[in-house]
Amino acid sequence: MRRIKPLSVNTGKKPLEVSFSANIIEWHQSNGRHGLPWQRSNDPYSRWISEIMLQQTQVSTVIPYFKRFMKRFPTIGALSSSQIDEVLEYWAGLGYYARARNLWKAAKVIMREHNGVFPDSYEKMIALPGIGRSTAGAILAFSYNQSYPILDGNVRRVLTRYHAIPGWPGKASVLNNLWGMAEQHLPPENIGAYTQGIMDIGAEICLRRRPHCHKCPLANDCLARKEGCPERYPEVKPRSFRRVRATTMLMVQDEVGNILLQRRPSKGIWGALWSFPECFSDKEPEQCLFEQLSLEANVISRWQHLLHSFTHFDLEIHPIQLRLTKSQEVLESRDLVWYKPGSRLGRGVAAPVRRLLKQLQGA
DNA sequence: TACCCGTGGGT
DNA sequence: TACCCAAGGGT
């Protein structure tokens, strides 16, 4: 790899050697990723959608969701004038549903306060719900050619290794240090190629396990490599206790097989998505149903409970199948709906609930 | 600040 | 298997 003579860079802070960014930019030209769906244009809307989807989510998972989403919501206006239920329907299965709710809210803000034009300044961007420092940096770099740093998992890994930075990167002091490094490494030009390049190195070269140091354009000056064990960085998160929550889901059907769904609270797990009504108390499901929804039903069967593991806790789901004892008109509540098996859902349903729904229809 | 938020892939 | 973690942000 060609070495470039270190130069002073004007970033405001103490500059680091410019060879870091220059090597990345040169490497990216012939070795970086260029064919991803959101790389077809620098349109801030599509970059915004992709950056939000890519938060804590792998590229291969995002690709089909991104294509479907952009086809249905091709502009900020299309997104802002849609129903949140349909946005969540297109998001269902991606997880972290606050991202979809914030996307929808931000689209309305952009229409109302920015005349429908995606903002081009860091301050305006970061004021939008769901856009933090890293996402704003990415959009500014890719869509507006403005020199702002990002700090995703890839960049964290590259920087902690290159500088041999100890400590878990989630810790504030370590994170601040990393943001400083990210800022000081910014190139004087080609910010888009640099930003994409450092992520590509993190994703395809500087792997968490068994990194391909022999292919890395930063290997010559990488301190972790000099120490002999790059896998030591970044240090792993301290382990924390995993809790178990239990919930009873009421799978209510009427006499023709329609299934009752209820909108979940807007915060918490699967916020604003639809699922089976839940029985939170220790009361019997029939009584729970009557008290909460004024519905009379009989228990048909109690299904074997299933354990759904999240990052921070396990959810123990107890499904109970019930049937209405007398026919019921359409419920006069917007938080309740009868779902007709086989029809389009038209609303977001979390993956485990969707699986249960399918089982219930087959039963 | 520590915790919350989801789903799927990798080891 | 039981973890860790992924183009993070909100509270």
Side-chain angles (χ1 to χ4, degrees), chain A residues 32-33 36-39 46-66 88 91-103 105-106 125-142 148-158 168-176 178-179 182 192 195-204 206-210 231 234-243 245 264-273 275 307-315 348-355:
Chain A
R33 291 175 289 187
L36 297 170
W38 44 89
Q39 292 177 321
S46 63
R47 287 289 185 164
W48 173 41
I49 301 299
S50 68
E51 288 302 329
I52 301 297
M53 284 189 174
L54 286 160
Q55 286 170 1
Q56 302 294 105
T57 311
Q58 294 188 343
V59 170
S60 57
T61 302
V62 165
I63 289 174
Y65 281 90
F66 176 78
L88 286 170
W91 204 272
L94 256 187
Y96 283 147
Y97 299 97
R99 295 184 295 175
R101 300 193 300 270
N102 284 334
L103 218 45
K105 285 183 206 162
M125 228 178 262
I126 208 168
L128 295 171
I131 299 186
R133 185 172 179 183
S134 192
T135 299
I139 300 172
L140 285 161
F142 292 134
Y148 282 85
I150 64 165
L151 192 55
D152 67 345
N154 293 310
V155 179
R156 277 203 303 274
R157 194 164 51 254
V158 171
W168 174 53
K171 197 176 159 189
S173 59
V174 180
L175 200 59
N176 283 334
L178 287 170
W179 272 113
T195 303
Q196 187 62 52
I198 193 170
M199 281 195 290
D200 291 347
I201 290 168
E204 300 188 335
C206 198
L207 305 177
R208 195 158 67 90
R209 303 286 175 224
R210 301 162 62 90
E231 288 188 15
E235 286 184 18
V236 293
K237 178 184 176 174
R239 287 277 309 280
S240 57
F241 178 67
R242 178 193 289 269
R243 295 162 188 275
R245 293 186 210 165
R264 299 182 59 85
S266 60
K267 291 182 180 177
I269 194 74
W270 302 324
L273 271 71
S275 76
L307 199 63
H308 188 79
S309 289
F310 294 96
T311 307
H312 298 288
F313 67 96
D314 292 332
L315 190 63
V349 177
V353 179
R354 215 160 50 214
R355 282 193 284 272

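Predicted model only: the values in this text are computed from it and were never measured. Throughout, a chain's letter reflects where its sequence line sits, starting with A, and its residues are numbered from 1.
Distances were taken from every side-chain heavy atom of A:Leu54 (C-beta onward) to each of C:dC5, C:dA7, B:dG6; the shortest belongs to C:dA7. With distances taken from any side-chain atom of A:Pro352 to the nucleotides B:dC4, B:dG9, B:dT7, the minimum falls on B:dT7. Side chain of A:Val236, nearest nucleotide from B:dC5, C:dA6, C:dC4: C:dC4.
Under the 4.5 Å side-chain criterion, counting only non-hydrogen atoms from C-beta, A:Ile52 is not in contact with A:Phe66. Counting heavy atoms from C-beta outward, A:Lys105 and A:Pro129 have side chains that approach closer than 4.5 Å. Residues A:Arg47 and A:Gln39 form a side-chain contact, since some pair of their non-hydrogen atoms from C-beta on lies under 4.5 Å apart. At a threshold of 4.5 Å between non-hydrogen side-chain atoms, the residues A:Leu103 and A:Trp91 count as touching.
Look at CD on A:Gln56: it is 12 Å from C1' on B:dT7, rounded to the nearest Å. A:Leu94 has its CG atom 15 Å from the C1' atom of B:dG9, to the nearest Å. Distance, A:Gln55 CD to C:dA7 P: 12 Å, rounded to whole Å. Here the P atom of nucleotide C:dA6 and the CD1 atom of A:Ile150 are 13 Å apart, to the nearest Å. In this structure, CZ of A:Phe241 is placed 15 Å from C1' of C:dA2, rounded to the nearest angstrom. Put simply, CZ on A:Arg101 is 12 Å from P on C:dG10, counting in whole angstrom units. Rounded to whole Å, the distance from NZ on A:Lys267 to C1' on B:dG6 is 19 Å.
Contact annotation: side chain of A:Arg33 to base of C:dA7, donor-acceptor pair present below 3.5 Å. For B:dT7, the base has no donor-acceptor partner in the side chain of A:Thr57 [N/O atoms by modelled type, under 3.5 angstrom]. Judged by distance alone with a 3.5 Å cut-off, no donor-acceptor contact links the side chain of A:Ser134 to the base of C:dG9.
The same atom, C1', is picked in B:dT1 and in C:dG9; the two are 15 Å apart, to the nearest Å. A gap of 16 Å separates the P atoms of C:dC4 and B:dC4, to the nearest Å. Comparing the same atom, C1', in C:dC5 and in B:dC5 gives a spacing of 15 Å after rounding to whole Å.
Sequence order on DNA chain B of the closest nucleotides to A:Ser240 and A:Tyr65 puts A:Ser240 first from the 5' end. Mapped onto DNA chain B by nearest heavy atom, A:Leu273 and A:Arg209 fall at different nucleotides, with A:Leu273 at the one closer to the 5' end.
At the phosphate of B:dC3, neither OP1 nor OP2 sits under 4.0 Å from any side-chain N or O atom of A:Arg243. For B:dT7, the OP1/OP2 oxygens have a side-chain nitrogen or oxygen of A:Trp270 closer than 4.0 Å. At least one side-chain nitrogen or oxygen of A:His308 sits closer than 4.0 Å to the OP1 or OP2 atom of B:dT7. Here A:Arg99 does not reach the OP1 or OP2 of C:dA6: none of its side-chain N or O atoms lies under 4.0 Å away. Of the side-chain N and O atoms in A:Thr311, none sit less than 4.0 angstrom from OP1 or OP2 of B:dC4. In this structure, A:Arg239 reaches the C:dC3 phosphate: one of its side-chain N or O atoms is under 4.0 Å from OP1 or OP2.
No side-chain donor-acceptor contact under 3.5 Å links A:Arg99 and A:Asn102.
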